[in-house]
Every structure is written in structure tokens, then in C-alpha cells.
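The structure appears below as C-alpha cells.
Remember, it's a predicted structure, so these values are computed and weren't measured experimentally. Basis for what follows: all heavy atoms, side chains included, without hydrogens, waters or symmetry-related copies.
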Amino acid sequence: DLLLSSLQLSSTSTIIMDYAHKVFGQIVQPDLFMCNTIIRAAAYSSTPSLAFSLYFNQFINISMMRPDSFTFLFLLKACARLSSASTGAQLHGMIVKLGFQSDAFVRNALINLHATCGDLATAHSLFDDTATNDVVARSALIAGYAKRGQLGIARGLFDDETHCHTRDVVSWNIMIAGYVKQGQMDNARQLFDRAPQRDVVSWNTMIAGYAKCGCHARALEMWEEMRNAGGDASPDEATVLSLLSSCADSGALDV
RNA sequence: AUGGCAGUCUGUUC
């Protein structure tokens, strides 16, 4: 139980993961929840591929236990972190075979997986099939296009007025980050200013963008604005990390 | 003991 709960923490060290793996091997009949927990831990670890060997051992070799949608969500996460299109295609096949593709969470994670791996055609057609009114699916797809620099298509999806639930604070952040990644800070800034809500990620995205392109003064200005804006967006570790280089550049680094 | 219930869930910055 102790081990299970330490695996539920957000980050699990390699050592704990290793130990958990050994202990897990001693458990005679782990139930579905236990299997999911260890697969989840593996998926988020530095060796996501371990999730797949655990899956095959527990669900295929050892028992006839049936995986559930959680199991596949974690495998999808592992696969996305591996960024492996071929593993993704196989996993997709398994999911369809077992009938889990109708689960909205699984479907969105699939869209995310293909978008992450660069298989935008597959991601887009999954989206068109059943997910056009789902903001999570849409933003996963937008992120995929933005990642590959296809900002025109990304923007089209973002601006789509023909569907419902097309935007939230996350999708605004994704679109802003897309411009930032291409070094288009003016476009990023324009969107940022138009955004109905900003959270800490919105601010961090802009600050990191200015820092990365060497606009350290602008980065520091944003930080000042962020503090004045107050509200729900208080700075976090990511904010500080981006600011470090800008402070160093301006000579304002007093430690 | 058996049965049930609960717990794990998708997209953005670092």
C-alpha cells in the first residue's frame, strides 16, 4: 500500500520505480488497480517503454485479466512520451480491437499521440470523426500542427466558429506557444493581449519566449506586468527559470 | 467467504 501510494505521487524517481518493479514482481495476483498504478508510474518514468513490457506480462502472459480504459490511457501516455509512431499504430490497433476507442478520454489521448508523433493525417481524421466539439481533442491537434510549424492550419482550427467548445485557456496558450516557437513574438503578444483569461502558463510562455529570443528587457517587463496583474497567476518555478537568464543579461542578478 | 462500492484518467509553458 505504501509503495502504491508513493507511485501515485506526481514524480517517481528511478530508484523508487526500480524498487516498485521488483516488489511488483513478487505480488502473486495483482488486481487491475495495482497493474494500472505500476504501468502509470512506468509511463511517466524515464523509461516509458517499461509500461509496455508490464502490460504484456500482466494482461497477456500471466492472466486473462481485462485491461480497462485507464490501462490504455497510461500506455498512450507512455507511447506519446516515446514519440514512436510505429508503437502508436500498434497500440491504436489494440485499442480498436478491444473496443476502447469510443471512450472520449482514450480517443483524445489517441489524437494527442498521433499529433505528437507527427501523424497529423491520422490525428485529424480521428478529430473530424467524432471530436470536433471537444476542446481537448482540438487543442491536442492544434498543438501537433504548431509543433511542426504549420501555424496556418493550427490557427484555422483555433479560429473555427462552426463548432462549440473550441477554446479555453489551454488552447489559447497552445496557440500563443505556437507563435513563440516560431519566434513570432509580435503575433504571440497580440493573441496574449486578446486572451479572455491568462494563467501562469500564459505568462510563462511569453516570458520564456522573450528570453529565448534575447529580448530580456521585454521578459522582465512581462514579469512586472504579471506581478501587477495579480489574481490567480502567481509565478512558479518555470517563471523563475526563464527569468534567470534575463536577469543575468541585465546585470540585475543579485544573489 | 461472497458480493458491492470507492480510489488511478486526455491537450499548453519549464
Side-chain angles (χ1 to χ4, degrees), chain A residues 1 3-12 20 30-44 51 54 67-81 91 95 100-116 123 126-127 130-131 134-147 154 157-158 165-181 185 188 191-192 195 197-212 219 222-223 226 233 235-246:
Chain A
D1 269 358
L3 199 58
L4 269 183
S5 48
S6 76
L7 289 180
Q8 304 286 355
L9 298 175
S10 54
S11 71
T12 302
D31 65 9
L32 181 58
F33 181 76
M34 281 177 166
C35 291
N36 284 346
T37 300
I38 188 99
I39 289 174
R40 173 188 177 280
Y44 286 89
L54 284 162
D68 64 3
S69 60
F70 288 104
T71 317
F72 285 107
L73 254 352
F74 301 142
L75 291 177
L76 284 160
K77 172 62 76 181
C79 197
R81 292 195 65 224
L91 182 54
I95 287 169
F100 284 104
Q101 83 286 5
S102 53
D103 180 286
F105 285 98
V106 172
R107 178 204 60 203
N108 291 351
L110 267 173
I111 292 171
N112 176 55
L113 170 64
H114 287 119
T116 300
L126 277 175
F127 171 75
T130 57
D134 188 311
V135 67
V136 172
R138 180 178 294 269
S139 52
L141 187 58
I142 293 174
Y145 281 112
K147 184 180 181 180
L157 286 159
F158 180 77
H165 311 120
T166 54
R167 292 177 182 185
D168 64 7
V169 65
V170 175
S171 58
W172 279 88
N173 290 345
I174 289 170
M175 203 59 233
I176 291 167
Y179 287 118
V180 166
K181 194 163 291 177
M185 288 308 295
L191 265 194
F192 178 87
Q197 296 108 29
R198 296 169 196 93
D199 64 8
V200 62
V201 174
S202 327
W203 289 99
N204 289 350
T205 304
M206 291 301 298
I207 291 172
Y210 282 130
K212 198 176 297 174
M222 285 249 93
W223 153 250
M226 181 187 191
D236 64 7
E237 319 78 36
T239 323
V240 175
L241 207 61
S242 300
L243 283 168
L244 267 175
S245 58
S246 298

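- When distances run from any side-chain atom of A177(A) to the nucleotides U13(B), G7(B), C9(B), the shortest one goes to U13(B).
- Both tests hold for R198(A) against F192(A): distance to the six-membered ring centre under 6.0 Å, angle to the ring axis within 45°.
- Between the CE atom of M185(A) and the C1' atom of U13(B) there is a distance of 12 Å, rounded to whole Å.
- No donor-acceptor pair under 3.5 Å is formed between the side chain of R107(A) and the backbone N or O of L126(A).
- What separates CD1 of I174(A) from C1' of U10(B) is a distance of 12 Å, to the nearest Å.
- K212(A) comes within 4.0 angstrom of the backbone, heavy atoms only, and of no base.
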*Give the intermediate values and the outcome of side-chain contact (heavy atoms from CB on, under 4.5 Å) for residues Y210(A) and M222(A).*
CA-CA 9 Å; Y210(A) 282 130; M222(A) 285 249 93; 3.7 Å; yes
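- For the 3.5 Å distance criterion, the side chains of N204(A) and T239(A) qualify, holding a donor opposite an acceptor.
- Rounded to an integer number of Å, the gap from CG of L32(A) to P of C5(B) is 14 Å.
- The nucleotide whose nearest atom lies closest to any side-chain atom of V201(A) is, among U8(B), U12(B), G11(B), U12(B).
- Rounded to whole Å, atom C1' of U12(B) lies 12 Å from atom CZ of F158(A).
- The shortest distance between the side-chain N/O atoms of K77(A) and the OP1/OP2 oxygens of U8(B) is not below 4.0 Å.
- Taking atom CH2 of W172(A) as the reference point, atom C1' of U12(B) lies 14 Å away to the nearest angstrom.
- Contact annotation for S202(A): no contact, since no heavy-atom pair falls under 4.0 Å across all strands.
- Between the side chain of N173(A) and the base of G11(B) there is no donor-acceptor pair of N/O atoms closer than 3.5 Å.
- Residue A238(A) is classed as a base contact, given a heavy-atom separation below 4.0 Å to a base.
- Within 4.0 Å (heavy atoms only), D168(A) reaches at least one base atom of the nucleic acid.
- A distance-only check finds no donor-acceptor pair linking the side chain of K77(A) to the backbone of R40(A) [under 3.5 Å].
- R40(A) has its CZ atom 13 Å from the C1' atom of U10(B), to the nearest Å.
- The residue T205(A) sits close only to the backbone: its heavy atoms come under 4.0 Å of sugar-phosphate atoms, none of a base.
- Here V135(A) lies in heavy-atom contact (under 4.0 Å) with a base.
- Of the candidate nucleotides U8(B), U10(B), C14(B), U10(B) has the atom nearest to the side chain of Y44(A).
- Here the closest heavy-atom approach between residue A51(A) and residue L75(A) is recorded as O-CD2, 3.7 Å.
- Under the 30°/60° scheme for interplanar angles, the aromatic rings of F100(A) and F72(A) are found to be tilted.
- Comparing C9(B), U13(B), G11(B) by their closest approach to the side chain of K181(A) singles out U13(B).
- Annotation: proximity of residues 102-115 of chain A to RNA chain B (heavy atom, distance under 4.0 Å) is found for F105(A), N108(A), A109(A), N112(A), numbered in ascending order.
- When each of U13(B), G11(B), U8(B) is scored by its nearest atom to the side-chain atoms of A140(A), the top-ranked nucleotide is G11(B).
- Rounded to whole Å, the distance from CD1 on I95(A) to P on U10(B) is 14 Å.
- A cation-pi arrangement is present between R167(A) and F158(A) under the rule of less than 6.0 angstrom and at most 45 degrees off the ring axis.
- Whole-Å rounding puts the F74(A) CZ to U8(B) P distance at 9 Å.
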